[in-house]
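Index from 1, following the sequence. Atoms within each ligand, like the ligands themselves, are counted from 1 in listed order.
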Amino acid sequence: MKCKITNYKLKPFMSFGKMPIANGFLSKKNFKNEFFYKLEVGFSKKLSLFQINNHPKPSQMFNKNYPFFSGSSKGMINHFRKFSKWIKKNYGRKLNNLVEIGSNDGTFLKNFQKDKTNVVGFEPSKNVADFAVKKGIKTINKFFTFNNVKRLKKLKNQIDIICAANVICHVPNLKSLIKGMDFLLNENGLFIFEEPYLGSMYKKVSYDQIYDEHIFIFSVSSVKKIFNLFGFYLIDVIPQKTHGGSMRYVISRNNKVKKSVKKYLSIEKKSNVDNFKGCKKFKLNCEKSKKDLVSKIKKLKKQNKKIAGYAATSKSTTILNYCNLGCESIDYICDTTKEKIGKFSPKKHIPIKSMNYFYNNLPDVAFLFAWNHKKEIFKKEKKFQKKGQWIAHVKL
Ligand code: TYD
């Protein structure tokens, strides 16, 4: 098992078994062609980097049928509005050109539409890219690789800020991405990105963050080490509540590093987020979490409780397949995304239903797969809450 950036040997320490594509919600006619791979995780001691091995090709995941729309959550719309405000407040004075990597349906870039800033998004999944273009957001329907970026000669060293949210952990060839970023950014340019945070995943035992799209689960230690290899510095980090705990990273060519970086490096050292001990503990915690969840569901089924899944998230694919829970336990999963409704969950083939179906067939128990959107969901599901019970594999 080798790290894609440096060829340092990695130590695999855990397997989640045979997995389907996490966002591969499928129709009955495609059951027989379903793609599987072995989901294993390893840790690069040199880079303090947590990563999966043997991921499917990016084009197998991000294509014309990608069913994830950033705008499907009000919470995320709000978050992206705040993120853009934060950028304007802190770095807005000379913000002429901004690029977003993985711009999805344009939810983030939309916040710059009224400004003088020129914005352009890179988005490889055609359906979501088309959606953004329809909203008037300039979008290049390509992966952000050095080969694709270097063709944009006019933009060389012209970009003030490159942003990304929940995207960089999806990119297997970080070297090509960083070279592309280096090509575009001007001398004082910044790369600002946020990703699910390894420290939060360890704390919450939210192993469902691990799936084909999330090749890396970053920490402050790993991001610092990776970018130092390419002559960039991690100058600031800001924790975020999104996705059950994320971190925003600010990368620059100058080394005026803020105190926050030192603070988090020290926290990570103390809590073994920067070393292999943390992995070993996490593995044991996952095994315990699986045992507890399976016995909780068994108990509920013995009491004849009807259980439905709430939100057909990519994360739910890891939970259901790692814990071997299928239609015998979960009757259906409701979701708001029209691209998922009427399809079936990857590998376990649990039917995905509309929200109307949920309201007409209220279960006794709802398994909150979108636990990271708990606040938003609990607020709107008061009726279910009166009678029903929420459960999750993490503490709610
Ligand atoms: P999210 O946790 O953002 O995604 P993922 O694990 O896939 O990265 O959840 C997005 C999914 O949750 C998407 O299919 C829409 C669904 N969803 C609902 O069905 N209802 C809701 O209220 C919310 C917030 C999300």
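Taking a cut-off of under 4.0 Å to the non-hydrogen atoms of K380, the atoms of ligand 1 that pass are 21 (C), 22 (O). Atoms of ligand 1 lying under 4.0 Å from at least one heavy atom of S72, given by number and element, are 15 (C). Near Y211, meaning under 4.0 Å from one of its heavy atoms, ligand 1 places the atoms 8 (O). Proximity to S314 (heavy-atom distance under 4.0 Å) selects the following atoms of ligand 1: 5 (P), 6 (O), 7 (O), 8 (O). Per-residue contacts place A312 under 4.0 angstrom from the following atoms of ligand 1 (heavy atoms of the residue considered): 14 (O). Against a heavy-atom cut-off of under 4.0 Å, T337 is close to the following atoms of ligand 1: 13 (C), 14 (O), 15 (C).
Inspection of the H170 and E195 side chains reveals no N or O donor paired with an N or O acceptor under 3.5 Å. E123 and S103 share no donor-acceptor pair across their side chains, judged by distance under 3.5 Å alone. Between the side chains of E376 and S73, at least one donor N or O lies within less than 3.5 Å of an accepting N or O.
Contacts between T313 and ligand 1, counted as non-hydrogen atom pairs separated by less than 4.0 Å, involve both the backbone and the side chain. Of the heavy atoms in N372, only side-chain atoms (C-beta onward) come closer than 4.0 Å to ligand 1. No part of K74 comes within 4.0 Å of ligand 1, judged by heavy-atom distances.
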Could you list the donor-acceptor pairs under 3.5 angstrom formed by side chains in residues 316-327, with sequence neighbours left out?
{"unit_1": "S316", "atom_1": "OG", "unit_2": "T313", "atom_2": "O", "d": "2.6"}
{"unit_1": "T317", "atom_1": "OG1", "unit_2": "A22", "atom_2": "O", "d": "2.8"}
{"unit_1": "T317", "atom_1": "OG1", "unit_2": "S314", "atom_2": "O", "d": "3.4"}
{"unit_1": "T318", "atom_1": "OG1", "unit_2": "I210", "atom_2": "O", "d": "2.7"}
{"unit_1": "N321", "atom_1": "ND2", "unit_2": "T317", "atom_2": "O", "d": "2.8"}
{"unit_1": "N324", "atom_1": "OD1", "unit_2": "K348", "atom_2": "NZ", "d": "2.5"}

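Salt-bridge annotation for K315 and D208: absent, with no side-chain N of the basic residue lying under 4.0 Å from a carboxylate O of the acidic one.
Nearest to atom 14 (O) of ligand 1 by heavy atom, out of K315, K340, H373, is K340.
For the atom pair K134 NZ and D105 CG, the distance stands at 12.0 Å (nearest 0.5 Å).
Side-chain atoms of N97 come within 3.5 Å of backbone atoms of Q158 as a donor-acceptor pair (strictly under, hydrogens ignored).
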